[in-house]
Amino acid sequence: MSMETKRHEPDHPDVQAGYEKRDVNVPALLKFGFWMALLLFVTFLGMRWTFNYFNRTQTLGAPASPFARERELPPNPRLQVTPHLDLQMYCQGQEEEVNTYAWVDQRLGVVRIPVDRAMDLVLQRGLPVRAGAAPAGSPDLTPEPPTVPGGADLQGPCGYLAPSASEPGEAGEK
């Protein structure tokens, strides 16, 4: 193989050598440079005017210092720092409300009783019935116990904190 440059001889009379015969368009480049410089200058003036305007109208105050004042907490709602402990405290409060006696309104004589005791009282005394709700001779029907969609193991957010049914000494074993 030869290292010679292969020269293309044009077949057409208008096609000449493979390079430009004229120089760049200097007046067009100068116009472009002038307008670019003018645009940069106008932008500079606009930014300078804007910053001066902000300096006059918006004061920054004292510079921020980490030692200037105590740390202020952000407004509510805040992120939980200890979510597991918060959930345990919430569940303890819920368990206390469900399993203890307390006054709801002492002036009116309204009390809160444990759910288990309330269920026993409903079984003993029955639910209150409106007058004329059921005919006098109707048979006493026992409704089926309510079920929870998803199974009996569904206990809400505090369910995993309760001891499992297989552990001895649980409240469920009697």
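Index from 1, following the sequence.
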Mind listing the side-chain donor-acceptor pairs of residues 31-51 below 3.5 Å, one per line with the distance, residues two or more places apart or on another chain?
unit_1: Thr43; atom_1: OG1; unit_2: Leu39; atom_2: O; d: 2.8
unit_1: Thr50; atom_1: OG1; unit_2: Gly46; atom_2: O; d: 2.8

_Are the side chains of Gln92 and Glu96 in contact, using a 4.5 Å heavy-atom criterion?_
no
*asked:* Does Asp23 have more than 12 heavy atoms from other residues, nucleotides or ligands lying within 6.0 Å of its CG?
replied: no
_Could you report the tightest heavy-atom contact between Asn25 and Pro27, atom names first, then the distance?_
OD1-CD, 3.2 Å
*asked:* Holding to side-chain hydrogen bond (donor to acceptor under 3.5 Å, both in side chains), I want the full list of residues that pass it with Glu95, two or more places apart in sequence or in another chain.
replied: Asn99
*Are Trp103 and Tyr101 connected in the hydrophobic side-chain network, where two residues link if heavy atoms are under 4.5 Å apart?*
yes
*Return the set of residues passing side-chain contact (heavy atoms from CB on, under 4.5 Å) with Val98 (not counting sequence neighbours), or none when no residue passes.*
Val115
*asked:* In this structure, would Val26 and Leu29 fall into the same cluster of hydrophobic residues linked by side-chain contacts under 4.5 Å?
replied: yes
*Going by heavy atoms in the side chains, are Arg112 and Thr100 under 4.5 Å from each other?*
yes
*Closest approach of Val111 and Val104, non-hydrogen atoms and distance?*
C-CG2, 3.9 Å
